[in-house]
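Heads up: the structure comes next, in structure tokens.
Atoms within each ligand, like the ligands themselves, are counted from 1 in listed order. Worth knowing before you read on, the calculation uses all heavy atoms, side chains too, and leaves out hydrogens, waters and symmetry mates.
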Amino acid sequence: VSAPDTLPRYRQLADEIAGLIGSGALRPGERLPSVRQTRASRACSAATVFQAYYLLESRGLIRAAERSGYFVAQPPRPTPLPARARPSGEPQAVAVSELVFQLLGTGGHEIRAPFGSAFPSPALFPLDKLRRALTAGSRRMSPAQLTSHLSCGDEELKRQIALRYLRQGLTVDPAEIVLTNGALEGLNLALQLLTRPGDAVLIESPGFYAALQALERLGLRAVELPTDPAEGADLEALETLIERHAPKACWLMTSFQNPLGSLMPPERKRALVALLERHDVVLIEDDVYAELQHEGLAPLPAKAFETRGAVLHCGSFSKSLAPGYRVGWVAAGRHAPALLRAKLSLSLSGSWPAQAALADYLQGGDFDRHLRALRRALAAQQRAMLAAIERHFPDDTRVTRPSGGYFLWVELPEGHDSLALHGAALAEGISLAPGPMFSASGAFRHCLRLNCGQPWTPLLEQALARLGELIRSQRR
Ligand SMILES: Cc1ncc(COP(=O)(O)O)c(C=O)c1O
């Protein structure tokens with residue numbers, strides 16, 4: 001069942017009204033229908049309407065005026081964006097894995113506010129329908145398929161993925177799609193294919209910690225690129241760094257970058273691909289948040305602008321449909337045969353039942369409906385968390401405002417220590433992702449990534465308020 005069906009009535013009503021406020025259909029200062037009107041128009045109880053209005057009030061989206069009802073609140077003064085990082089530009093060995101594993105642990109604490117999580121809430125995924133698709137998908141498999149075709153992966157799933165590309169305007173032959181155990185395996189295989197130990201690889205700063213871990217595992221050197229919190233990698237710096245360090249590959253998240261949430265505009269993506277083609281540097285495009293735009297159409301990937309079939313576009317269902325199924329893929333263009341061999345020699349194939357289930361689900365035609373609900377939920381949750389940050393964090397906090405995905409990158413004034421904050425928060429059941437996880441140089445100590453993929457509740461509001469107190473207590 002997709003998210004909205006499983007939510008209590010008041011939450012559905014609150015999310016719907018929050019959506020109208022977010023889209024501008026209900027404007028600041030406008031009066032909401034009275035409790036009596038809403039009760040009648042929705043055929044629900046007054047208590048349901050009151051609960052919905054209280055929730056919206058606690059999110060800072062509406063305010064009660066004595067004896068005259070509820071009004072859409074003025075949006076808070078927008079918090080400024082974080083500054084653009086200035087990495088050294090020198091290739092450096094990577095040694096973050098130990099820190100990352102330590103910080104991903106919970107230290108034995110029960111987590112009540114998973115702000116450090118990499119996933120949206122499981123409640124936002126169609127788990128029952130997936131369960132049914134697992135049964136239907138495995139019924140479709142002949143016993144012989146379980147052994148004889150194992151190495152190529154599920155043909156129907158590759159066809160369904162190719163169809164999704166086609167709807168975006170990209171022609172991707174199913175034969176160039178290599179199915180992998182999540183995007184992470186595809187990304188690692190792509191990196192391994194293109195590099196030898198000691199090579200330089202361009203990555204964003206701040207960047208996804210698993211990319212850093214992949215570089216570390218393969219003995220590669222990271223060249224960190226300045227990355228704009230709104231528009232992504234800086235292309236001028238990119239060209240300078242290519243000329244200086246002759247990197248073998250460039251691993252970028254062009255849409256809804258992790259952790260910044262930045263989105264490269266289409267012209268920047270086009271220029272990126274042209275630049276990389278001119279210098280013969282291969283792009284590994286990590287695009288696992290591709291379909292999680294909060295509004296409108298999914299952004300085109302940089303792969304859409306290539307002319308040589310060299311971009312390795314890595315996608316996944318982990319964040320959009322089926323976390324835990326570990327199904328991802330690489331649209332590998334001219335690298336497909338080599339990548340397939342690398343995949344075969346590493347792990348032969350992904351799990352066929354999981355692939356068959358997703359193929360069955362996609363054939364059923366429900367994915368887009370689920371995505372629409374998921375995007376609406378993520379957008380509403382992001383608005384709620386931003387409003388809560390405005391309420392509870394110090395005035396000199398900076399924060400991103402991504403147009404997709406479910407991460408916020410928070411920058412506190414220099415001197416704050418997100419590692420210490422992490423320790424103190426974890427002891428109270430609140431997780432967060434400290435800035436140093438996202439750089440080979442240990443930078444970003446005063447920054448943190450927060451997950452807004454959880455439906456907003458009074459409990460999360462309290463936890464965020466507590467985080468605000470812990471931040472203030474770091475000031476001497
Ligand atoms: C940017 C990015 N790439 C790749 C992955 C891994 O995706 P998967 O779970 O499909 O392996 C993640 C998951 O956190 C991610 O954030």
Side-chain angles (χ1 to χ4, degrees), residues 96-97 100-101 103-104 114-122 124-125 130 153 157 161 164 177-192 201-215 217 222 225 227 232-233 249-264 283-293 299 301-303 312-331 343 346-347 350-351 354-355 357-358 378 400 402 404-409 431-433 437-439 449-454:
V96 291
S97 228
V100 168
F101 282 128
L103 294 174
L104 289 178
F115 297 143
S117 167
F119 290 93
S121 160
L124 300 174
F125 295 106
L130 287 171
L157 181 58
I161 294 169
R164 292 200 75 77
I177 295 173
V178 178
L179 296 176
T180 53
N181 288 311
L184 200 53
E185 188 186 47
L187 289 156
N188 272 273
L189 284 172
L191 194 61
Q192 195 161 358
V201 173
L202 282 160
I203 55 167
E204 288 136 333
S205 177
F208 176 39
Y209 48 80
L212 291 164
Q213 288 178 301
L215 265 67
R217 194 176 59 78
L225 263 176
T227 304
C250 183
W251 172 333
L252 298 183
M253 286 156 263
T254 56
S255 299
F256 315 129
Q257 197 258 9
N258 178 0
L260 290 172
S262 55
L263 170 63
M264 278 189 156
L283 175 62
I284 301 173
E285 188 173 21
D286 178 355
D287 208 10
V288 301
Y289 302 100
E291 303 239 40
L292 299 188
Q293 77 281 7
K303 186 174 176 69
L312 291 134
H313 183 255
C314 303
S316 172
F317 293 107
S318 298
K319 312 298 175 133
S320 58
L321 176 63
Y325 279 53
R326 306 304 303 141
V327 179
W329 69 90
V330 185
K343 164 71 192 162
L346 179 73
S347 59
S351 153
Q355 293 177 10
L358 293 190
L378 295 181
T400 50
Y406 49 88
F407 293 127
L408 298 179
W409 180 250
S431 70
L432 56 93
M437 292 171 82
F438 301 93
S439 166
R449 187 193 73 182
L450 295 179
N451 174 311
C452 52
Q454 317 296 316

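Atoms of ligand 1 lying under 4.0 Å from at least one heavy atom of S316, given by number and element, are 8 (P), 10 (O). Of all atoms in ligand 1, numbered sequentially from 1 with element shown, those under 4.0 Å from a heavy atom of L187 are 4 (C).
If you look at R326 next to ligand 1, the close heavy atoms, those under 4.0 Å, all belong to the side chain. Proximity of S318 to ligand 1, defined as any heavy-atom pair under 4.0 Å, is confined to the side chain (atoms from C-beta onward). For V288, every heavy-atom contact with ligand 1 shorter than 4.0 Å involves the side chain, none the backbone. Only the side chain of Y289 comes within 4.0 Å of ligand 1, counting heavy atoms alone; its backbone N, CA, C and O stay farther away.
Closest to atom 3 (N) of ligand 1, if we only count protein heavy atoms, is D286 OD2, 2.7 Å. Protein heavy atom at the shortest distance from atom 14 (O) of ligand 1 is K319 NZ, 2.5 Å. Here the heavy atom of the protein found nearest to atom 7 (O) of ligand 1 is A183 CB, 3.8 Å. In this structure, atom 12 (C) of ligand 1 lies nearest to the protein heavy atom F208 CZ, 3.3 Å.
Only one option out of F208, W409, F407 pairs with F438 in a ring pair (Phe, Tyr, Trp, His ring centres under 6.0 Å); it is W409.
Between the side chain of Q257 and the backbone N or O of P206 there is at least one donor-acceptor pair closer than 3.5 Å. Judged by distance alone, with hydrogens and angles left aside, the side-chain atoms of T227 form a donor-acceptor pair with the main-chain N or O of L225 at under 3.5 Å. Judged purely by atom type and a 3.5 angstrom limit, E285 uses its side chain to pair as donor or acceptor with the backbone of K303. For Q293 (side chain) and P299 (main-chain N/O), no donor-acceptor pair under 3.5 Å exists by modelled atom type. The backbone N or O of F119 sits less than 3.5 Å from a side-chain atom of N451, completing a donor-acceptor pair.
Looking at A118 next to ligand 1, no N or O pair under 3.5 Å apart turns up. Geometrically, ligand 1 and E185 share no nitrogen or oxygen pair separated by less than 3.5 Å.
Between R326 and E185 there is no salt bridge, since no side-chain nitrogen of the basic residue lies less than 4.0 Å from a carboxylate oxygen of the acidic one.
Using a 4.5 Å heavy-atom threshold, the side chains of W329 and L157 count as separate.
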